[in-house]
There are 2 protein chains.
Amino acid sequence: MTRKTTSGPVTVSQDAPGAPRAAPASDRPPAMGDVARLAGVSHQTVSRVLNDHPNVRAETRDRVLSAIEQLGYRRNTVARALVTRRTGAIGVVTEDSPLYGPTMTLIALENAARGQGMYVSVATVTRWDVATVQGSLEHYMDQGVDGVVVIASHDEAVRAVQSFRARVPVVMVGPAELDGDIPTVAVNQYAGARLATRHLLDLGHTDVLHVAGPQVWLDARSRSRGWHDTMLQAGLRPRDPVPGDWTASTGFRIGKELVERDRTGEDRLPTAVFAANDQLALGLLHAFAESGVRVPHDVSVVGYDDVEGAAHFFPPLTTVRPDFVELGRRCLDQLVAAMAGEPAEPVLVRASLAVRASSGRPRS
Amino acid sequence: MTRKTTSGPVTVSQDAPGAPRAAPASDRPPAMGDVARLAGVSHQTVSRVLNDHPNVRAETRDRVLSAIEQLGYRRNTVARALVTRRTGAIGVVTEDSPLYGPTMTLIALENAARGQGMYVSVATVTRWDVATVQGSLEHYMDQGVDGVVVIASHDEAVRAVQSFRARVPVVMVGPAELDGDIPTVAVNQYAGARLATRHLLDLGHTDVLHVAGPQVWLDARSRSRGWHDTMLQAGLRPRDPVPGDWTASTGFRIGKELVERDRTGEDRLPTAVFAANDQLALGLLHAFAESGVRVPHDVSVVGYDDVEGAAHFFPPLTTVRPDFVELGRRCLDQLVAAMAGEPAEPVLVRASLAVRASSGRPRS
DNA sequence: GACTCGGCTGTTAACGTTCACAACGCGTCG
DNA sequence: CGACGCGTTGTGAACGTTAACAGCCGAGTC
């Protein structure tokens with residue numbers, strides 16, 4: 001096996017010219033065999049030391065360790081992965097754009113993964129169509145990851161994952177629960193939305209308008225439902241939600257329209273708006289400020305996500321704060337459980353409300 | 001070779017009794033050998049087909065391809081990496097927090113990498129001290145990445161990278177240029193800062209205050225220098241910059257202090273402020289709005305980064321927009337060049353100015 | 001017709017680990 | 001005193017790919 005060069009004087013490690021060295025041939029980084037030779041043991045013993053196998057004599061272990069030290073040996077993860085069939089990598093599929101939630105989730109997930117000795121490979125996706133998502137999944141199958149996390153509650157992404165036969169566990173972050181045996185981790189969007197709406201109702205509002213996110217996102221739908229149910233249960237008949245996307249520009253446009261319709265008498269300005277995310281809320285704030293509509297005096301605004309800086313919007317934004325760190329952590333838990341073959345219970349992470357200056361009692 | 005079990009009934013895994021199958025034993029995914037057997041060639045020929053080796057007869061190639069198709073064979077990247085000593089992975093070290101620039105850079109980098117058939121592994125870091133950074137680098141050495149990108153212009157991070165002997169190329173994103181042979185890619189922070197300051201001067205301002213970023217960041221220092229040099233070259237004597245960090249809270253506090261000192265007569269409010277990033281600017285806007293200081297009527301504000309939503313701050317923020325996509329792309333170029341052993345020229349990416357409503361002519 | 005050459009293919013040996021098993025030394029027990 | 005068990009170590013064979021080399025065959029070439 002291994003080094004044929006062992007024929008000849010064994011293991012003489014000296015730098016003097018002409019003498020055979022224990023150091024590896026050429027520039028190749030040292031391998032187990034090199035360590036073994038230097039320590040005067042077999043490569044298997046080195047392996048045992050590295051893997052904390054109990055049955056190694058203390059003295060042997062020390063000799064191996066010092067040989068490792070001396071050679072600057074590092075275990076070759078690739079070779080190890082080849083035989084164990086585990087790479088320790090988990091693949092994350094996320095969106096191309098710097099959305100706050102996904103980014104935070106990715107970071108938290110990475111931290112959690114590192115805590116478990118795993119590492120994270122990331123692939124971004126511009127659109128969530130089935131072909132693209134499955135392309136990413138294929139990529140990860142080739143890459144030999146131990147598991148995949150898809151950060152998306154987009155309908156089509158869900159379909160893509162559901163119809164993909166993966167050889168490793170796939171966890172979805174976003175959907176609260178899924179048919180099939182796909183483990184999920186999600187922020188409790190519904191509860192968060194109820195929290196926000198309840199807050200406005202408690203302040204005395206009765207006309208709480210909802211500016212919705214794109215309805216192809218489960219997240220957006222849950223938030224809409226949370227708002228809707230809360231209104232109904234309070235005995236209120238809500239206006240139809242205004243459809244939006246996740247951007248500030250759209251929030252701005254909608255804000256302008258609301259003001260304009262109020263001016264023309266077409267529709268009265270609501271006393272409060274619950275926006276599906278902070279960007280929409282930011283756009284609304286901008287439109288209102290520009291039109292001389294005072295927040296919260298004339299209209300209260302509540303957002304969702306508590307993005308960086310939301311505390312310094314003008315006025316500081318009342319918003320729902322999901323616990324992304326917890327989300328990332330639980331996400332890894334789900335993945336690890338799934339890898340161990342345990343059946344998965346959907347996990348919901350709670351969101352809290354950050355009350356700031358953008359919400360207040362209605363005027364009249 | 002391989003299967004020693006060939007002695008005795010060969011590999012019998014059969015669906016219909018008696019008929020030997022080309023399918024692999026047990027549940028192991030099919031390997032080259034399985035494809036080879038099905039196509040009636042050697043595994044080496046399969047390898048040749050997969051690697052587009054020229055000397056394969058068309059008919060043979062087709063037979064192999066259809067065998068691959070039939071078995072759903074995928075090449076095992078790990079085994080391949082073991083023998084080629086290249087994993088196709090590049091490691092990215094970035095910060096724990098959802099800073100806009102690094103996030104954008106990461107995304108752009110990932111896209112560029114995928115375009116080259118490489119993929120990106122990410123490790124985050126809470127602090128940039130030498131031990132932590134080198135820990136991440138060690139991690140990537142173990143992981144066998146083909147190269148590493150460190151997204152940080154933090155002084156200590158730079159030192160950490162400089163004093164680390166890596167076996168693969170390491171590119172730093174942030175520093176404009178570095179001693180030693182470490183390739184760099186950076187936004188031209190200095191030019192961007194000059195652009196912003198020049199813009200304010202052109203509007204007629206003479207008292208442009210600079211709210212600086214943390215000076216342990218090269219980025220922050222370059223921006224400060226750009227502002228400072230531009231002021232001097234215009235024959236103006238700038239006030240001392242106000243030290244800040246990257247957060248909106250600090251911007252807010254500073255804004256409040258400025259207003260307060262104006263009120264007490266201790267120091268007049270400047271007619272314009274150049275903030276080292278958009279978060280600081282956001283905090284300033286908040287403080288000014290809250291204090292009744294009108295932007296840009298009483299004071300102009302310019303930021304840096306053009307974060308998501310900057311166009312809908314109130315008022316919309318004039319800011320310097322770095323080309324992060326270009327940054328990510330060039331970053332990969334640097335890495336690829338370094339992997340090919342080519343000497344690296346530092347790369348500077350240009351930044352442009354997004355002029356919006358937060359900057360205007362000075363009042364008097 | 002022998003010889004060479006180039007296209008095509010197969011054989012064997014790496015790559016650096018872990019796993020399964022065998023072997024050895026030594027104390028204990030029947 | 002031999003059998004047994006246990007702690008410790010070594011040996012050989014995987015894992016699935018690419019690299020190096022050798023062999024075969026038909027077409028030119030002299």
Side-chain angles (χ1 to χ4, degrees), chain A residues 1-6 10-11 24-37 39-64 68 71 73-88 141-144, chain B residues 1-7 11 24-37 39-64 68 71 73-88 141-144:
Chain A
M1 38 123 295
T2 64
R3 303 268 89 42
K4 219 16 135 320
T5 53
T6 311
V10 202
T11 322
S26 75
D27 57 344
R28 164 174 68 71
M32 266 193 187
D34 302 312
V35 174
R37 209 167 323 127
V41 297
S42 76
H43 64 117
Q44 176 59 8
T45 298
V46 178
S47 173
R48 277 191 270 256
V49 169
L50 253 38
N51 294 329
D52 285 322
H53 194 93
N55 294 344
V56 179
R57 207 158 29 120
E59 193 240 335
T60 311
R61 180 188 312 277
D62 290 347
R63 225 168 50 233
V64 168
I68 287 176
L71 258 49
Y73 167 79
R74 328 219 47 153
R75 166 159 59 197
N76 183 325
T77 326
V78 173
R80 172 182 215 181
L82 178 59
V83 55
T84 60
R85 295 167 179 287
R86 302 186 97 238
T87 54
M141 299 301 102
D142 285 356
Q143 229 43 254
Chain B
M1 39 142 298
T2 64
R3 306 265 88 43
K4 221 0 142 323
T5 53
T6 312
S7 48
T11 319
S26 75
D27 58 345
R28 166 174 67 71
M32 268 194 184
D34 302 311
V35 175
R37 209 167 320 130
V41 297
S42 77
H43 64 117
Q44 177 59 5
T45 298
V46 176
S47 173
R48 277 191 270 258
V49 169
L50 252 38
N51 293 330
D52 286 323
H53 193 93
N55 294 343
V56 178
R57 207 161 27 124
E59 192 240 337
T60 311
R61 178 189 314 278
D62 290 348
R63 224 168 52 232
V64 169
I68 286 176
L71 256 48
Y73 166 79
R74 328 219 51 151
R75 164 158 62 195
N76 183 324
T77 325
V78 174
R80 180 194 193 143
L82 179 60
V83 56
T84 59
R85 297 167 179 286
R86 302 186 97 239
T87 54
M141 297 303 101
D142 285 356
Q143 229 43 254

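Side-chain atoms are counted along with the backbone in the values below, which use heavy atoms only and exclude waters and symmetry mates. Labels below follow one simple rule: chain letters A, B, ... track the order of the sequence lines, proteins then strands, and each chain is numbered from 1.
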Between atom CZ in B:R86 and atom C1' in D:dG16, what is the gap in whole Å? 19 Å
Do B:L82 and A:N76 pass the side-chain contact (heavy atoms from CB on, under 4.5 Å) test, and can you show the C-alpha distance, the side-chain angles, and the key distance before you say yes or no? CA-CA 9 Å; B:L82 179 60; A:N76 183 325; 4.3 Å; yes
For A:D142, which residues count as a salt bridge (Lys or Arg N to Asp or Glu O under 4.0 Å) partner, sequence neighbours excluded? B:R74
What's the CE-C1' distance between B:M32 and D:dC15, to the nearest Å? 14 Å
Atom of B:S42, atom of B:A36 and distance for their closest heavy-atom approach: C-CB, 3.6 Å
Those residues at least two apart in sequence (or on a different chain) that pass salt bridge (Lys or Arg N to Asp or Glu O under 4.0 Å) with B:R63 are B:E59
Minimal non-hydrogen separation, B:V78 against A:A81, with atom names: CG1-CB, 3.8 Å
Every protein N/O lying under 3.5 Å from an N/O of nucleotides 5-10 of chain C:
| from | atom 1 | to | atom 2 | distance (Å) |
| --- | --- | --- | --- | --- |
| C:dT9 | OP1 | B:R57 | NE | 3.4 |
| C:dT9 | OP1 | B:R57 | NH2 | 3.4 |
| C:dT9 | OP1 | B:T60 | OG1 | 2.4 |
| C:dT9 | OP2 | B:R57 | N | 3.0 |
| C:dG10 | OP2 | B:S42 | N | 2.9 |
| C:dG10 | OP2 | B:S42 | OG | 3.3 |
| C:dG10 | OP2 | B:T45 | OG1 | 2.7 |
| C:dG10 | N7 | B:R48 | NH2 | 2.7 |
| C:dG10 | O6 | B:R48 | NH1 | 3.4 |

Round to the nearest Å and state the distance from A:Y73 atom OH to C:dG16 atom P. 10 Å
In residues 75-84 of chain B, which residues come under 4.0 Å of DNA chain D by heavy atom? B:R75, B:N76, B:A79, B:R80, B:L82, B:V83, B:T84
Apply side-chain contact (heavy atoms from CB on, under 4.5 Å) to the pair A:V64 and A:V56, showing each step before the final yes or no. CA-CA 10 Å; A:V64 168; A:V56 179; over 6 Å; no
Taking only residues two or more places apart in sequence or in another chain, which ones pass side-chain hydrogen bond (donor to acceptor under 3.5 Å, both in side chains) with B:R80? none
Using atom CG of B:N51 as one end and atom C1' of D:dA19 as the other, report the distance to the nearest whole Å. 11 Å
Nearest-Å distance for atom pair CZ/P, residues B:R28 and D:dA14: 12 Å
Going by the rule side-chain hydrogen bond (donor to acceptor under 3.5 Å, both in side chains), which residues pair with A:R48 if we only count those two or more places apart in sequence or in a different chain? none
I need the minimum non-hydrogen distance between A:D34 and A:P29, along with the two atoms involved. OD2-O, 4.4 Å
Minimal heavy-atom distance between A:R85 and B:R28, with the atoms involved, is NH2-CD, 3.4 Å
Compute the angle between the rotation axes at the two ends of the helix from C:dG1-D:dC30 to C:dG30-D:dC1, each taken over five pairs, rounded to 10 degrees. 60°
Could you tell me which non-hydrogen atom of B:S47 sits nearest to which non-hydrogen atom of B:M32, and how far apart they are? CA-CE, 3.5 Å
